[in-house]
Amino acid sequence: MAGKFTKCMMLCCSAKEPEDMGSESYEEAIAALSKLLSDKADLGSVAAAKIKQITAELEAAADPTQFDPVKRIETGFFHFKKEKYEKNPNLYGTLAKGQSPKFLVFACSDSRVCPSHILNFQPGEAFMVRNIANMVPPYEKTKYSGVGAAIEYAVLHLKVENIMVIGHSCCGGIKGLMSIPDDGTTSSDFIEQWVSICAPAKTKVKSENNELSFSEQCTNCEKEAVNVSLGNLLTYPFVREAVVKKTLVLKGAHYDFVNGKFDVWNLNFQIIPTLAV
Amino acid sequence: MSSSDICRSNTGVKLKASIEPPALTWELKGDKQESIVEMESGCDLFDEMKIRFLSFKKHKYMENSEHFQALSKGQSPKVMVIACADSRVCPSNILGFQPGEAFMVRNVANMVPTYESGPSETNAALEFAVNSLEVENILIIGHSRCGGIRALMSMKDEVDSSSFIRSWVIVGKNAKQITKSAASNLSFDQQCTNCEKESINCSLLSLLTYPWIEERVKKGVLSLHGGYYDLVDCTFEKWTLDYKESIMDRKKRVIVRNSSIWC
C-alpha cells in the first residue's frame with residue numbers, strides 16, 4: 001500500500017517543476033501528507049487514488065486543448081468503482097435487482113447544475129430527467145412523449161413520493177425564451193419551440209416586472225417557469241390523482257450558483273367541488 | 001402570488017393550484033446557518049436535502065470559489081452526455097463528471113429520435129449543445145436492467161398511444177428489430193441486454209440524421225461515442241463511432257473503433 005503511494009508521489013514530483021511561488025506550499029502539503037501516512041499506513045491506497053485524480057485534473061487544467069474525454073471518464077469510472085461500488089456491496093447488490101427512488105427530479109441539462117453534486121444524490125435515490133431549462137410540457141399524447149414517459153414511469157411504476165423541478169441561475173434556455181421576439185419569429189430548428197412551453201412565465205414576468213433589467217427579468221422567469229412546469233405536472237391525470245391522494249408531493253426549487261443559494265417551495269392546491277347546473 | 005385553475009370538469013372537482021412564496025432559502029453565511037422561514041414539519045426528506053446542499057456549499061462550492069465564480073460566468077463543457085433517467089446510472093456518479101464538464105440530457109432509455117421525427121426535448125438539447133456550446137463529443141450511455149428497453153421488447157408491435165412509455169420507447173424500434181432477427185434464440189433477458197447495446201448504436205446513427213451534427217462529424221470537430229454501464233458487475237464498455245467506415249458500410253451498420261471494456 002505504502003509502496004503504491006510512494007510511486008504516485010514520485011510521478012507527481014517528477015512531472016513538472018513547480019513554480020517558485022507555489023513550491024513551498026506544495027512541499028509543505030506533501031510533507032504533511034507523508035507524516036499522516038507514516039502514522040496511518042492503511043490510508044496509502046486512498047491517498048494514491050486521490051493523487052491520481054488530482055494529477056489528471058491538473059494535466060487537463062494545464063492544457064485545456066488536450067482534454068481527452070475518454071481518459072477523463074476512465075479515471076472517473078475506476079474511482080467510482082473503487083471508492084463507491086466496492087465499498088458498498090449491500091447497496092449495489094440491492095440496486096442490481098431494481099430501483100426504488102423516492103424522487104423524480106427535473107433539472108436543467110446545464111453542466112453546472114447536476115443534482116448529484118448539489119444535493120449529493122447517490123445511486124438509487126433520484127429518477128432524473130434533464131432537459132433544456134428543466135421544463136415539463138403539459139399533458140399531450142402526441143408531442144413530447146419523452147417527458148410523459150418519464151413521469152408515467154416514475155409515478156405509476158416506480159411510485160416515487162416526490163417530484164422536484166429545479167431551475168437555476170443564468171439559465172441559457174430561459175434567456176432564450178425571454179429573447180424570442182414579440183412577433184414570434186424563431187431561428188432555430190427545435191430550441192425556441194421547446195422553451196416556449198414556459199411562455200406563460202415570460203408573459204407574467206414581462207407584464208409584472210417590466211421595470212426590471214433584462215437579467216433580473218430572466219431570474220424571475222427562471223422561477224416562474226418552474227411554477228409553470230409544476231402546474232403542467234398537474235395536467236397529467238396520474239400525477240393529479242396521486243397528489244390528491246397525498247401519495248405524491250410536488251416541490252419547486254431554484255439553485256443560484258452565483259450566490260450559492262438554494263430556494264425550495266411548495267405547490268399548494270385546493271379541491272373545489274364543481275357546482276351542478 | 002399567482003394561481004391557475006386547472007379545470008377537469010369530467011372528474012367532478014376543480015383543482016386550483018397556487019404557488020406560495022419561496023418557503024425556504026438555504027444560505028450559508030460564514031459559519032452560521034440561516035433559514036428565512038421554518039420548514040413544514042414532517043419534511044424529513046427535505047431536511048436531509050437542506051443538510052446536503054449546505055454541505056455541498058461548504059465543502060465544494062466555497063472551497064473552490066474561484067472555480068465556481070468562473071463557472072457562474074459561463075459554461076464550456078467539451079462533452080454532451082445522453083444517459084438514462086434511471087436513478088442508478090447518473091454519469092456524475094459513475095463517471096465522475098464535475099460541475100462544468102458535461103452537458104447532460106437524461107431521458108427514458110437514453111434514446112435519440114431522428115431529425116425527421118419532429119420536436120422533442122432531446123433534439124432541442126442537441127441543438128443547443130452542438131450549435132451554441134459547440135461541444136466536441138457526444139457520449140450516449142446505455143445500461144443493463146433498463147426498464148425502458150424492457151418495455152420496448154415487451155411491446156406488441158402496433159403503436160399503442162394509451163401509454164406515454166410505449167409512445168416514447170418506439171423510438172428504439174430499429175434496435176428491437178435487429179435484436180429479434182439476430183438473437184431470437186436467446187432468453188428474453190439476454191435479448192434485452194442485446195437491445196440495450198443495439199439501441200445505443202441506433203441512437204448514434206440517429207445523431208447523424210441531424211445536418212448540423214453530421215457536418216461537424218465530417219469535419220472532425222465532433223466525435224460520437226457509445227458507452228454501456230453494466231450495473232450488476234460494475235463494468236463499463238466504451239466505443240467511438242468511425243464515421244467514414246459507417247457511411248461506407250452498405251448494411252448501414254455502426255462501425256466502431258477504439259472500443260474497450262473497463263472491469
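Order of the sequence lines sets the chain letters (A, B, ...), proteins ahead of strands, with each chain counted from 1. Everything quoted here is computed from the prediction, not taken from an experiment.
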Enquirer: Where do B/S92 and A/S116 come nearest, in terms of heavy atoms and distance?
Expert: CB-CB, 4.0 Å
Enquirer: Measure A/F103 against the heavy atoms of chain B and call it side chain, backbone, both or neither at under 4.5 Å.
Expert: side chain
Enquirer: I'd like to know if the side chain of A/H117 reaches the main chain of B/F97, judged simply by a donor and an acceptor atom lying under 3.5 Å from each other, with no hydrogens or angles considered.
Expert: yes
Enquirer: Given heavy-atom pairs under 4.5 angstrom as the criterion, report whether the side chain, backbone, both or neither of B/A125 touches chain A.
Expert: both
Enquirer: Could you grab the distance from atom CD1 of B/I94 to atom NE2 of A/H79, nearest 0.5 Å is fine?
Expert: 14.5 Å
Enquirer: Would you say the side chain of B/P119 lies within less than 4.5 Å of the side chain of A/Y144, judging by non-hydrogen atoms?
Expert: yes
Enquirer: Between A/A149 and B/W168, which heavy-atom pair has the shortest distance, and what is it?
Expert: CB-CB, 3.6 Å
Enquirer: Check whether B/Y229 gets within reach of chain A through its side chain, its backbone, both or neither, counting any heavy atom under 4.5 Å.
Expert: side chain
Enquirer: What verdict does the side chain to side chain contact (heavy atoms under 4.5 Å, CB included) test give for B/W262 and A/I73, after you've listed the backbone C-alpha separation in whole Å, the side-chain angles of each residue and the deciding distance to 0.1 Å?
Expert: CA-CA 11 Å; B/W262 306 327; A/I73 64 176; 3.5 Å; yes
Enquirer: Quick one: CZ on A/F80 to CG on B/N93, what's the gap to the nearest 0.5 Å?
Expert: 7.0 Å
Enquirer: Return yes if a side-chain donor-acceptor contact under 3.5 Å exists between B/S87 and A/Q99, otherwise no.
Expert: yes
Enquirer: Would the distance check show the side chain of A/S109 and the main-chain N or O of B/F103 forming a donor-acceptor pair, the cut-off being under 3.5 Å?
Expert: no
Enquirer: Considering only heavy atoms and a distance below 4.5 Å, find which of A/E152, A/E161, A/Q122 pairs most often with chain B.
Expert: A/E152
Enquirer: B/Y61 side chain to A/G260 main-chain N or O, any donor-acceptor pair under 3.5 Å?
Expert: yes
Enquirer: Check whether B/K78 reaches the backbone of A/P69 with its side chain - one donor and one acceptor, N or O, closer than 3.5 Å.
Expert: no
Enquirer: Who among A/S100, A/P115, A/G98 has the most heavy-atom pairs with chain B under 4.5 Å?
Expert: A/G98
Enquirer: Within the 4.5 Å heavy-atom criterion, are B/R52 and A/F121 side-chain neighbours or not?
Expert: yes
Enquirer: Can a donor-acceptor pair be found, under 3.5 Å and without considering hydrogens, that links the side chain of A/R112 to the backbone of B/L71?
Expert: yes
Enquirer: Could you tell me how the ring of B/F236 sits relative to the ring of A/F77: parallel (under 30°), tilted (30 to 60°) or perpendicular (over 60°)?
Expert: tilted
Enquirer: Would A/K251 and B/F46 count as a cation-pi pair here, with the cationic atom under 6.0 angstrom from the ring centre and within 45° of the axis?
Expert: yes
Enquirer: If we only count heavy atoms from C-beta on, is the A/V258 to B/F68 side-chain gap below 4.5 Å?
Expert: no
Enquirer: So what's closer than 4.5 Å to chain B heavy atoms on A/H254: side chain, backbone, both or neither?
Expert: neither
Enquirer: Flag the pair B/L231 / A/L95 as yes when at least one side-chain heavy-atom distance between them is below 4.5 Å, and no otherwise.
Expert: no
Enquirer: Please tell me whether B/N123 and A/W194 have a donor and an acceptor in their side chains that are separated by less than 3.5 angstrom.
Expert: no
Enquirer: Determine whether A/C114 and B/C90 make a side-chain contact, defined as any pair of heavy atoms from C-beta on separated by less than 4.5 Å.
Expert: yes
Enquirer: Just wondering, are more than 12 heavy atoms of other shown residues or ligands nearer than 6.0 Å to NZ in A/K84?
Expert: no
Enquirer: Top residue by heavy-atom pair count (under 4.5 Å) with chain B, among A/G146, A/P137, A/P101?
Expert: A/G146
Enquirer: How many angstroms lie between CD in B/E121 and CZ in A/F190, if you round to the nearest 0.5 Å?
Expert: 13.0 Å
Enquirer: Which value, rounded to the nearest 0.5 Å, describes the distance between A/I118 atom CD1 and B/M49 atom CE?
Expert: 11.0 Å
Enquirer: Measuring heavy-atom distances to chain B, does A/E125 have an atom under 4.5 Å in its side chain, in its backbone, in both, or in neither?
Expert: both
Enquirer: Measuring heavy-atom distances to chain B, does A/A150 have an atom under 4.5 Å in its side chain, in its backbone, in both, or in neither?
Expert: both
Enquirer: Chain B: which of A/L156, A/N162, A/V113 shares the most heavy-atom pairs with it under 4.5 Å?
Expert: A/N162
Enquirer: Go through the atoms of B/K238 and report whether side chain, backbone, both or neither lie under 4.5 Å from a heavy atom of chain A.
Expert: side chain
Enquirer: Keeping B/R106 on the side-chain end and A/R130 on the backbone end, is there a donor-acceptor pair under 3.5 Å?
Expert: no
Enquirer: Kindly say whether the aromatic ring centers of B/F164 and A/Y139 come within a distance under 6.0 Å.
Expert: yes
Enquirer: Most heavy-atom pairs under 4.5 angstrom with chain A, which of B/C234, B/G148, B/A102?
Expert: B/C234
Enquirer: Does any heavy atom of chain B fall under 4.5 Å from the side chain of A/M164, the backbone, both, or neither of them?
Expert: side chain
Enquirer: Is the shortest heavy-atom distance from the side chain of A/D189 to the side chain of B/W212 under 4.5 Å?
Expert: yes
Enquirer: Atom CD of residue position B/E116 - does it have more than 12 heavy atoms of other residues, nucleotides or ligands inside 6.0 Å?
Expert: yes
Enquirer: Using non-hydrogen atoms only, which part of A/F106 is less than 4.5 Å away from chain B: side chain, backbone, both, or neither?
Expert: neither
Enquirer: Roughly how far apart are B/D233 CG and A/Y92 OH, rounded to 0.5 Å?
Expert: 15.0 Å
Enquirer: Could you check which of A/D110, A/V105, A/V129 has the highest count of heavy-atom pairs closer than 4.5 Å to chain B?
Expert: A/D110
Enquirer: Could you look at A/V70 and say if it's the side chain, the backbone, both or neither that has a heavy atom under 4.5 Å from chain B?
Expert: both
Enquirer: Please look at A/E74 and chain B and tell me whether the side chain, the backbone, both or neither of the residue comes under 4.5 angstrom of a heavy atom of that chain.
Expert: both
Enquirer: Quick check: do B/F56 and A/F262 have side-chain heavy atoms less than 4.5 Å from each other?
Expert: no
Enquirer: Tell me, for B/Q69 versus chain A, whether the close heavy atoms (under 4.5 Å) come from the side chain, the backbone, both or neither.
Expert: side chain
Enquirer: Just checking, any donor-acceptor pair under 3.5 angstrom between side chains of A/S111 and B/Q75?
Expert: yes
Enquirer: Is it the backbone or the side chain of A/E140 that comes under 4.5 Å from a heavy atom of chain B, or both, or neither?
Expert: backbone
Enquirer: Relative to chain A, which of B/N107, B/L139, B/N137 shows the most heavy atom pairs under 4.5 Å?
Expert: B/N137
Enquirer: Using a 4.5 angstrom heavy-atom cutoff, name the option from B/V79, B/V108, B/V171, B/D86 with the most pairs to chain A.
Expert: B/D86
Enquirer: Okay, side chain of B/R145, backbone of A/A96: is any donor-acceptor separation there less than 3.5 Å?
Expert: yes
Enquirer: What is the distance from atom CD of B/E48 to atom CG of A/N120, rounded to the nearest 0.5 Å?
Expert: 8.5 Å
Enquirer: Please evaluate residues A/E192 and B/E127 with respect to the criterion side chain to side chain contact (heavy atoms under 4.5 Å, CB included), reporting the C-alpha separation (whole Å), side-chain torsions for both, the decisive distance (0.1 Å), and the verdict.
Expert: CA-CA 10 Å; A/E192 284 152 307; B/E127 195 178 359; over 6 Å; no
